[in-house]
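Everything on this sheet refers to the single structure shown next.
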Amino acid sequence: MNVLSGKELPRDGEMLQGEALHARLDKTWRRDPGLWGWVTTTDHKDIAHRYIVTAFTFLVLGGLLSLVMRLQLATPESGLISPDRYDQIFTMHGTTMMFLFAVPVMEAMAVFLVPLMIGSRNIAFPRLNAFSYWMYLAGGILLWVAFILNIGPDAGWFSYPPLSGPQFSPGKRIDIWAQMVTFTEVAALAVSVETVATILKQRAPGMTLARMPLFVWVSLVVSLMVIFSMPAVALASSFLIADRLVGTQFFNPAEHGDALLWQHMFWFFGHPEVYIIFLPGVGFVSEITATFTRRPVFGYPLLVLAVVAIGLLAFGLWVHHMFATGLPRLGYAFYTAASMAVAIPSGIQIFCWIATIWDGRPRWETPLLYVVAFIITFVIGGLTGVMLASVPLDLELHDTYFVVAHFHYVLIGGAVFPLLGAITYWFPKFTGRLMSERLGKTSFWFVFLGFQLTFAPMHWAGILGMPRRVYTYPTGLGLEQVNLLATIGAFVLATGFALFLVNSLMSMRRGTVAGANPWDASGLEWATSSPPPPYNFPHIPVVSSRHPLWDHRDHLPVMTGLRVDDRELLLTTVMEARPDLREPSPLPSSWPLWAAITSTILFISSIFTPWAVLYGSVPVAITLIAWFWPKGPVTPEPVIQ
Amino acid sequence: MSGGDGLDGALFNRLFALFLIVSLTMLALVLAFLAAAWFRRGGVRQDGVADENGRASREPLLRALLIGWTALIAIGLIGLTFASFLTDRGMADAIPPDRRTINIIVTAKQFWWDVNYAFDNEPSKNIRTANELHLPVGVPARVTLKSSDVIHSFWIPNLAGKQDLIPGRVNDLVLLPNRTGVFRGQCAEFCGIQHAHMALDVTVESRAQFANWLAAQGKPAPAPASPLQKAGYLYVMNRECSGCHAIAGTAANATVGPDLTHLMSRRSLAAGTLPMGRAGLYAWVADPQGVKPGNNMPYVGLDANELHAVTAYLETLK
Amino acid sequence: MRLPKGRTGCLSHPPLSPPCIQGGRLACALFLCLGLTACDREQRSLNGQPKAETIALANDPRDLSYQENSYQLSQGQRLYKWMNCSGCHANGGGGMGPPLMDDEWRYGGRMEDIVRTILHGRPNGMPRFEGKITEQEAWQIASYVRSLSAQQGQDVLSARPDSMSASEPPTLAERGKVLPENNLTGPKDEQN
Amino acid sequence: MAPLVAGGKVLVGNAGGEFGVRGWLAALDAGSGRLAWKAYNTGPDKDVLIGQAFRPFYPMDRGKDLGIHSWPPEQWKIGGGTVWGWISFDPASNTIFYGTGNPGPWNHEQRPGDNKWTAGVFARNVSTGEAKWFYQTSPHDLYDHDDINEQILLDMPVAGRMRLVLIRPGRNGYLYVLDRQTGQVLSADPFGYINSSRGVNLRSGRLIPVKEKEPQAGRVVRNICPTASGAKDWNPSAFSPRTGLIYIPHINLCMDLGVLEANYVVGTPYLGAESKVYAGPGGYRGVLTAWDPVARKPAWEVHEDLPLWSGALATAGDLVFYGTMDGWFKAVDARSGKLRWRAKVDSGIISQPVAYRGADGREYVAVISGVGGWAGALVSAQLDPRDNSAALGFVNAVRDLPNKTKSGGRLFVFALDG
């Protein structure tokens with residue numbers, strides 16, 4: 001089919017090759033120069049970079065808070081910080097880590113990696129991607145500015161009403177928290193939609209579902225989980241803010257609202273949330289293991305099934321957070337069984353990774369060390385999780401430091417260790433340079449041992465009867481030593497993180513320059529230069545197996561025919577990834593930023609008056625209309641082979 | 001170590017031991033496999049090229065192992081689920097419904113426990129105390145749990161698991177202590193600024209001792225004797241104290257704060273914040289917000305004489 | 001967008017907002033918009049040690065630290081029930097006692113007037129609470145009483161208590177101010 | 001209450017059941033004014049003047065010191081049971097009959113037990129004060145059902161036998177017919193809409209409560225009928241010997257009730273409840289029922305839009321006079337209920353009309369206008385209707401009152417043949 005003037009349009013392939021092609025593509029895809037270009041960019045790599053940097057900033061902030069808490073808890077009856085401030089601190093720690101670090105950083109990794117792994121030039125809906133980052137940033141800043149102003153939320157990251165309701169949480173603290181949730185929900189939902197669309201429609205020709213890298217599978221499952229779970233918490237936080245601001249009665253038992261409604265809605269999101277954070281770790285570990293053992297991951301189909309199974313099961317076990325609320329006992333048995341069932345796919349995964357190492361030729365470099373740390377830590381966390389799934393054990397251990405230990409084992413062990421490994425592994429793809437292996441190993445040991453020293457004693461503290469969320473504990477209950485140990489451990493752990501950050505900052509400038517594929521890995525992201533050019537691939541690669549680079553070490557087959565004078569993506573079919581359409585990819589735009597600014601104004605002012613929702617929607621609508629204003633013929637065209 | 005001093009606790013310990021053994025076994029298996037993988041030198045690549053030592057892939061062996069491993073996990077989980085379910089049933093059925101029990105109504109408030117021993121047929125024998133439970137050994141106690149503000153959680157680690165106290169709902173819990181002793185309970189659900197200082201003293205004693213305690217608690221407070229005590233009595237009756245507290249036998253009958261009738265018989269002050277005693281009383285009455293910031297007892301600003309008098313009177317409330 | 005006017009922002013009231021000075025002066029300046037609504041409105045001073053009186057004619061300095069403070073207001077809300085104010089005044093509509101949510105104040109509607117009414121009582125049934133509650137508590141209750149007629153900024157008020165829903169949420173109420181903000185004349189005693 | 005002079009005694013009681021008082025009835029010697037006796041309605045038997053002569057009909061009222069044992073410790077001292085209503089005197093037996101007020105606080109969870117001797121009716125020897133019998137209409141009263149309403153002493157056939165009875169339309173909605181010698185309940189029939197109880201068990205004498213309508217702390221119970229003000233409040237009924245009917249001015253209201261912890265502070269209300277009142281089934285709020293006590297059913301009913309808060313007056317001319325809260329003073333036919341005459345006065349009527357023959361020999365009917373009290377406080381005390389819990393929720397039921405009447409306070413006298 002021919003368009004416009006009938007003149008042949010510039011395309012890659014026969015017409016353009018080599019340097020000329022690079023130059024032409026670069027002109028088309030490069031972002032505008034200067035600050036303006038930085039602000040308006042729609043390049044998924046740029047946005048992922050700033051997402052990751054922001055998320056790690058929040059990690060550092062949240063980590064500093066945890067150090068303050070550990071200092072307070074190092075000795076019994078300590079008067080270091082006031083209880084009011086302590087409540088804000090632990091709330092901020094949990095909120096920051098869950099909403100502002102863990103979920104966004106995992107999404108950011110997907111935003112960076114998925115288009116590269118599936119051989120596409122950009123993510124789907126790149127402007128939405130830009131918008132999501134600004135929303136996330138605004139939510140994070142809102143929360144932290146509030147904290148600095150001493151109006152940080154203080155009802156815990158779970159914010160159970162009635163404690164978080166209008167009567168027992170005066171002021172705007174909880175409203176700020178609830179609106180922060182709204183910000184991050186918008187951001188997360190946006191990214192998830194992009195990721196799903198990208199994965200389903202933009203895979204390189206030949207990359208059938210069964211040939212997708214495991215991390216892409218995980219991203220698909222996680223994004224769908226986000227789409228299904230996050231609306232629950234967005235709704236819950238809207239209910240809460242309505243209760244607090246306009247006097248609705250959702251959570252007021254006196255007027256036949258129900259305090260437990262919140263818990264159901266929150267944990268319907270909150271439990272999948274844990275897997276949303278953990279499953280990307282599964283993806284990282286699978287990729288790292290394959291690369292560093294130089295063997296394809298054992299049991300690929302099983303791993304995929306396990307990920308899908310966990311994704312489904314995650315929605316059926318939120319009630320195990322509520323065993324102490326006095327729900328009917330028979331119902332508990334179902335949730336016990338469902339919670340325990342998660343151990344089966346997890347166990348299969350663990351086996352597959354160890355089997356891969358066992359059967360491969362492992363190179364013990366930092367990323368693989370993190371995998372081993374992950375396996376050990378996550379297995380321990382999983383086993384304590386099985387204990388907590390049992391109703392009688394949970395009733396004893398619930399809301400104690402045993403649970404604190406458990407979920408840090410699962411979340412840090414299951415998600416942060418793989419993440420640190422993943423950062424080390426893909427660092428050359430981010431920056432073009434390798435991280436220092438020596439410093440990397442040092443920081444690994446600090447992190448791993450510091451972690452165990454911090455959180456292992458907490459199991460014991462919980463069994464001894466130390467409840468969570470206390471700003472102090474009395475002398476003489478035998479809690480002194482375990483808490484002191486944990487505090488020491490926390491500082492060791494913090495040292496490890498500090499070394500990791502130092503390593504990444506130093507390596508960014510002075511690290512060994514990496515080639516396109518420094519680890520001899522198999523995925524498509526290694527088929528392009530490090531860091532990748534704005535257009536990712538000069539030609540769209542064609543895939544015929546799960547390990548394209550191992551199969552075609554020297555010459556990856558490519559397909560040609562995409563326009564080079566316009567941003568164009570190749571769309572393929574959902575299952576078989578046959579080339580289908582050529583789709584224009586949006587140009588840089590400042591409208592996502594303006595839309596984010598107007599939305600921010602709407603969200604923040606709706607903390608103060610419900611009318612803001614009405615008035616504030618006008619500028620939001622204006623910016624959205626400008627953003628979506630049609631700009632000439634943009635219909636996708638069939639592929640010309 | 002928690003558990004073991006009540007029926008639930010004992011069942012908990014058995015179940016916990018079972019879980020611990022199974023978990024440690026699984027962990028040991030994983031670690032052993034991991035160690036084997038660490039020390040094994042090389043296998044193959046997918047392209048079928050044998051490694052330097054000529055060893056071929058052991059894919060079939062791994063498949064068999066995986067099936068075994070999955071089966072092992074499944075069997076273990078089914079076993080644990082059943083054990084857990086049976087224990088749960090055991091806890092629920094341990095006390096026959098027709099067995100005579102002691103009825104206790106515990107109402108959680110920010111940040112203390114209002115405890116009522118309820119005798120349905122004779123309400124005049126009811127006893128109101130605060131932040132402490134006395135239980136006769138071997139007699140089941142049915143605890144009705146209510147909250148008058150936010151969600152709290154009732155937890156006596158040595159005797160039983162937790163149960164939340166949720167406004168607008170009524171929960172209950174049966175305690176069956178099988179050993180005498182002194183235990184500590186604690187609010188387990190974050191309930192606000194002084195969640196950390198919301199403890200409950202539990203005394204499990206013989207039936208005779210318990211009967212004595214009940215009888216003593218049922219008595220009204222004695223009249224003040226010394227002039228200082230009388231001055232304190234007058235202050236308590238006529239000033240801020242009586243707006244929130246009750247003392248049986250006097251005109252003070254308020255319910256906002258803990259009942260003070262037998263204050264000195266308790267083990268601690270302010271829900272486990274201070275040990276009971278003259279020093280604690282002085283500190284608490286003089287500046288409750290300094291001791292437990294954010295609790296609902298206001299700073300009254302007693303002058304020294306008033307403080308001496310009030311404390312002297314409170315010390316008569318044995 | 002309708003942000004409340006920043007009457008008592010961080011920068012305008014340094015004596016009442018130590019954390020702003022210590023920790024967040026920079027942040028305050030940067031995020032003035034948010035800051036104006038925060039800080040001392042959420043300050044939780046738990047100890048009721050009386051603050052010194054200033055010159056007689058000026059408003060009592062405790063005015064703002066209680067009335068424009070959401071924590072003190074919420075404590076007042078609790079005490080209003082605990083001290084049985086609601087028994088006579090209901091949730092502001094009155095009953096055995098006069099309504100508190102309307103714009104008529106027999107004994108003056110400023111914080112000081114209300115505190116005086118609470119502490120000293122008034123003829124025809126208003127009991128004297130002096131010595132029954134502390135002065136701090138009287139100020140807290142007065143703050144809540146003023147909130148019944150939506151006298152404070154909306155960012156201080158809470159929409160409803162966790163009890164029976166009785167009246168329109170004060171956060172939504174548009175009511176005229178009873179008295180000018182800085183009424184430097186004497187109390188309007190015995191007006192009615 | 002208005003004192004009653006009977007048997008040489010001036011009888012006075014106390015009010016304030018919402019303030020944590022302890023109710024009593026005292027008899028002053030009419031000649032000297034000296035206290036002859038004083039009977040408390042809670043506490044030990046000797047305070048209640050319960051002695052050898054006390055013969056309650058039902059086992060639930062028998063026992064030593066029930067005024068203590070049916071209360072939690074100390075609560076009887078502030079338990080209410082005031083006497084602010086009507087006392088009836090039977091000269092033949094030298095007995096007075098009166099009802100006792102509600103137990104306090106309203107939050108029943110704070111006073112488990114039957115709460116003797118509140119919310120019931122006492123028969124006492126007027127000379128000594130000694131109790132003869134007691135019947136508790138609402139043991140462990142849940143809804144502020146003071147039992148202070150009037151008692152009508154009649155001799156009438158019950159099940160074919162002439163009995164000396166005492167008839168009282170109670171707050172809880174039942175028209176009780178008691179044997180006034182023994183305190184036995186001969187019948188208890190609902191005269192208004194009731195959903196909070198299922199009747200009265202004539203064997204045990206106990207009210208049969210409806211569990212779902214029992215207030216509980218922290219959760220509002222909706223649609224309780226009758227309300228705290230009762231199916232009928234204090235405003236007395238009239239009996240006409242000519243028609244044999246009892247004319248009951250009452251109300252048709254329901255309520256949402258939420259109880260919360262009441263804190264006892266001397267001199268302040270001791271309630272622990274919030275309520276919202278609204279019109280009952282049918283939408284009308286006041287009723288004048290002509291009740292046939294022999295047939296045990298209403299003969300006719302007149303519905304009034306506003307709650308009927310005035311007493312009724314039956315005259316020998318077979319007219320029944322009553323006033324409405326919007327200021328109509330009405331006379332209806334005593335046999336059919338048809339409106340015969342009405343006059344508008346300046347304010348609502350919540351008083352009891354009286355008829356008398358004046359010094360000039362003419363007959364007059366007099367009534368005082370001026371709304372107020374619980375029902376009319378919205379107008380008389382200028383309450384704020386934006387709070388629907390104002391005046392213990394009653395404001396919610398009469399939001400339209402300010403449009404229909406204004407406060408007042410005048411005596412209107414109508415000449416019958418003028």
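We name chains A, B, ... by the order of the sequence lines, and we start the count at 1 in each one.
- Atoms CG and CE, from B:Leu77 and A:Met340 in turn, are 6.5 Å apart once rounded to the nearest 0.5 Å.
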Evaluation steps, side-chain contact (heavy atoms from CB on, under 4.5 Å), between B:Val150 and A:Tyr160:
CA-CA 9 Å; B:Val150 301; A:Tyr160 280 1; over 6 Å; no
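- Using a 4.5 Å cut-off between heavy atoms, B:Asp88 touches chain A through backbone and side chain atoms alike.
- No side-chain heavy atom of A:Leu163 sits less than 4.5 Å from a side-chain heavy atom of B:Asp149.
- Contact of A:Tyr471 with chain B is made through backbone and side chain together, with heavy-atom distances under 4.5 Å.
- Using a 4.5 Å cut-off between heavy atoms, A:Ser169 makes no contact with chain B at all.
- Under the 6.0 Å cut-off for aromatic ring centres, B:Phe33 and A:Phe351 qualify, their centroids lying closer than that.
- When A:Leu393, A:Asp87, A:Thr336 are compared by the number of non-hydrogen pairs under 4.5 Å with chain B, A:Leu393 comes out ahead.
- Pairing each heavy atom of A:Leu477 with each of B:Arg184, the nearest pair is CD1-NE, 3.4 Å.
- At a 4.5 Å heavy-atom cutoff, A:Gln167 makes no contact with chain B through either its backbone or its side chain.
- Residue contact with chain B, scored on non-hydrogen atoms closer than 4.5 Å, involves the side chain of A:Phe90 exclusively.
- Considering only heavy atoms from C-beta on, B:Trp155 comes within 4.5 Å of A:Glu396 through its side chain.
- For the set B:Thr273, B:Leu65, B:Thr87, B:Leu20, the count of heavy-atom pairs under 4.5 angstrom toward chain A peaks at B:Leu65.
- Using a 4.5 Å cut-off between heavy atoms, A:Phe168 contacts chain B through its side chain alone, with no backbone atom that close.
- Among B:Ser147, B:Gly272, B:Pro167, B:Ala83, the residue with the largest count of heavy-atom pairs under 4.5 Å with chain A is B:Pro167.
- In this structure, no portion of A:Gln88 lies under 4.5 Å from any heavy atom of chain B.
- For a residue to count as touching a neighbouring chain, one of its non-hydrogen atoms must lie under 4.5 Å from one of that chain's; by this rule B:Thr70 touches chain A with the side chain only.
- With a threshold of 4.5 angstrom between heavy atoms, A:Leu260 approaches chain B through side-chain atoms but not through N, CA, C or O.
- For the options A:Asn252, A:Ile344, A:Thr356, A:Ile380, heavy-atom pairs under 4.5 Å to chain B are most numerous at A:Ile344.
- Counting only heavy atoms from C-beta outward, the side chains of B:Met26 and A:Val379 never approach each other to under 4.5 Å.
- For B:Phe19 against A:Val386, the heavy-atom pair with the smallest separation is CE2-O, 3.5 Å.
- Without hydrogens or angle criteria, B:Gln186 side chain to A:Gly465 main chain gives no donor-acceptor distance under 3.5 Å.
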Does the side-chain contact (heavy atoms from CB on, under 4.5 Å) test come out yes or no for A:Phe298 and B:Leu66, once each step is laid out?
CA-CA 10 Å; A:Phe298 169 77; B:Leu66 175 57; 4.0 Å; yes
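- For a residue to count as touching a neighbouring chain, one of its non-hydrogen atoms must lie under 4.5 Å from one of that chain's; by this rule A:Pro345 does not touch chain B.
- With a threshold of 4.5 angstrom between heavy atoms, A:Pro474 approaches chain B through side-chain atoms but not through N, CA, C or O.
- In this structure the side chain of B:Val30 reaches within 4.5 angstrom of the side chain of A:Ile375, judged on heavy atoms.
- Minimum heavy-atom separation, B:Ile73 to A:Ala343: CG2-O, 4.1 Å.
- No part of A:Ala254 comes within reach of chain B, as not one of its non-hydrogen atoms sits under 4.5 angstrom from that chain.
- The two residues A:Met387 and B:Ser23 make their nearest non-hydrogen contact at CE-OG, 3.7 Å.
- To the nearest 0.5 Å, atoms CG (A:Leu395) and CG (B:Asp164) are separated by 9.5 Å.
- Within 6.0 Å of CZ on A:Arg85 lie more than 12 heavy atoms contributed by other residues, nucleotides or ligands.
- The shortest non-hydrogen separation linking B:Leu62 to A:Ala355 is CD2-CB, 3.7 Å.
- No donor-acceptor pair under 3.5 Å is formed between the side chain of A:Trp358 and the backbone N or O of B:Leu34.
- Between A:Asp394 and B:Lys162, no side-chain nitrogen of the basic residue sits less than 4.0 Å from a carboxylate oxygen of the acidic one, so the salt-bridge criterion is not met.
- Contacts between A:Tyr473 and chain B at a heavy-atom distance below 4.5 Å are absent for every atom of the residue.
- Of residues 187-199 of chain B, those residues with a non-hydrogen atom less than 4.5 Å from any non-hydrogen atom of chain A are, in numerical order, B:Cys187, B:Ala188, B:Glu189, B:Phe190, B:Cys191, B:Gly192, B:Ile193, B:Gln194, B:His195, B:Ala196, B:His197.
- Rounded to the nearest 0.5 Å, atoms CG (B:Leu27) and OG1 (A:Thr384) are 10.5 Å apart.
- The shortest distance between side-chain heavy atoms of A:Pro253 and B:Arg169 does not fall below 4.5 Å.
- The two atoms that bring B:Ala37 and A:Ile357 nearest to each other are CB-CG2, 3.8 Å, heavy atoms only.
- Ranked by heavy-atom pairs shorter than 4.5 Å toward chain A, the options B:Val170, B:Leu165, B:Leu145, B:Ile151 are led by B:Ile151.
- Of the residues listed (B:Leu18, B:Leu15, B:Leu80), the one engaging A:Ser390 in a side chain to side chain contact (heavy atoms under 4.5 Å, CB included) is B:Leu15, and it is the only one.
- Between A:Trp364 and B:Trp38, a ring centre-to-centre spacing shorter than 6.0 Å is recorded.
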